[in-house]
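Remarks on the structure that follows.
Chain naming here is simple, since letters A, B, ... match the order of the sequence lines and numbering starts at 1 in each. Quick caveat, the model's predicted, so the values are computed rather than measured.
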Protein chains: 2
Amino acid sequence: MRTLQKIDYSSETEQLAKFAKALGHPVRLVILKHLSTQSCCYTGDLVEILPLAQSTISQHLKELKDAGLIQGEVNPPKIRYCIDKENWDKAKHMFAELFKEDFNKISCC
Amino acid sequence: MRTLQKIDYSSETEQLAKFAKALGHPVRLVILKHLSTQSCCYTGDLVEILPLAQSTISQHLKELKDAGLIQGEVNPPKIRYCIDKENWDKAKHMFAELFKEDFNKISCC
DNA sequence: ATAGTTAATCGCAAATATACGATTAATATT
DNA sequence: AATATTAATCGTATATTTGCGATTAACTAT
């Protein structure tokens, strides 16, 4: 009995939720952190870092890619992943916007 | 055959993933946005704003509360919700930290 | 052509998330 | 005491996520 009504949120909200969801798993955060320290790009020998099956890691990479946070560049037979700068920036700004309110000024609670 | 290995991430990573996960649903973003505009606290007549069952909204509120992003104050027979300033701030900083790298400097890709 | 390497994808199992209506709990009002 | 109001919780159905091994696809090197 799921989803009787199809709610439509602003595309803003939809987009931010998508980013947040992609960031909502520790493995994916580790991957992103790795990508950011590893001067830039990197390929899937995350398999050596993480105690997970290759297929599982591939799936997480796919999710990050679908969310637009990373991009893969074929470099046969490997694939180089790197942060998708444009969307990363977008996410950065959207989160900054979300958190911009300073609730210290507010009276109650 | 799930989770053969119990991976332990840094508590940092674990915490950020938890925040992100809580933010990873449009309904919860709408709730937070509402809480932030509504001078401060607010009660569950989100039910009137969102086309969702009361129980569903209650569940989303619980998730936000479990993540530490909001807090509820009993005010019988209502409950006033508001942003949990301390954790909100924590989340704000953690996301800022995550996004601080500026990938424009980086060569490849 | 054959074998090797890398990574995506498929099929499956189990866990978790999302939504609902119904019920319950807590309190206020009559 | 009886009723009304508000919101949590329970039970349930379905969808999605997470993980795995096995297979496939794409390309290299022999």
- Query: So which heavy atom on B:M94 is nearest to which on B:F19, and how close?
  - Reply: SD-CE1, 4.0 Å
- Closest heavy-atom pair and its distance - A:Q71, A:I83: OE1-O, 3.9 Å
- Query: Is a donor on one side and an acceptor on the other found under 3.5 Å between the side chain of B:H34 and the backbone of B:V30?
  - Reply: no
- Taking it one step at a time, do B:D89 and B:K85 satisfy salt bridge (charged side-chain N to carboxylate O under 4.0 Å, His left out)? CA-CA 6 Å; B:D89 226 52; B:K85 279 185 288 191; over 6 Å; no
Quickly work out the [X] [atom1] to [N] [atom2] distance and round it to whole Å.
| X | N | atom1 | atom2 | result |
| --- | --- | --- | --- | --- |
| B:I7 | D:dG19 | CD1 | P | 7 Å |
| A:L64 | D:dT17 | CG | P | 13 Å |
| A:L50 | D:dC20 | CG | P | 10 Å |
| B:E63 | D:dT17 | CD | C1' | 14 Å |
| A:Q71 | C:dA7 | CD | P | 17 Å |

- Task: Quick one: which residue pairs count as a salt bridge (charged side-chain N to carboxylate O under 4.0 Å, His left out) with a foot in residues 13-24 of chain B, not counting sequence neighbours?
- Result: none
- Message: Using OP1 and OP2 only, check whether a side-chain N or O of A:H60 sits under 4.0 Å from C:dA7.
- Response: no
- Query: Taking OP1 and OP2 of C:dA17, is either one under 4.0 Å from a side-chain nitrogen or oxygen of A:H25?
  - Reply: no
- Query: Quick one: CG on B:L61 to CG on B:L35, what's the gap to the nearest 0.5 Å?
  - Reply: 8.0 Å
- B:L50 side, atom CG; A:I7 side, atom CD1 - distance, nearest 0.5 Å: 6.0 Å
- Item | Within residues 10-24 of chain B: residues closer than 4.0 Å to DNA chain C (heavy atoms) | B:K21
- Message: Can you tell me how the ring of B:Y9 sits relative to the ring of A:H25, calling it parallel under 30°, perpendicular over 60° and tilted otherwise?
- Response: perpendicular
- Query: For every nucleotide of nucleotides 3-12 of chain D, 5' to 3': is a protein heavy atom under 4.0 Å from its base (B), only from its sugar-phosphate (S), or from neither (-)?
  - Reply: --BSBBB---
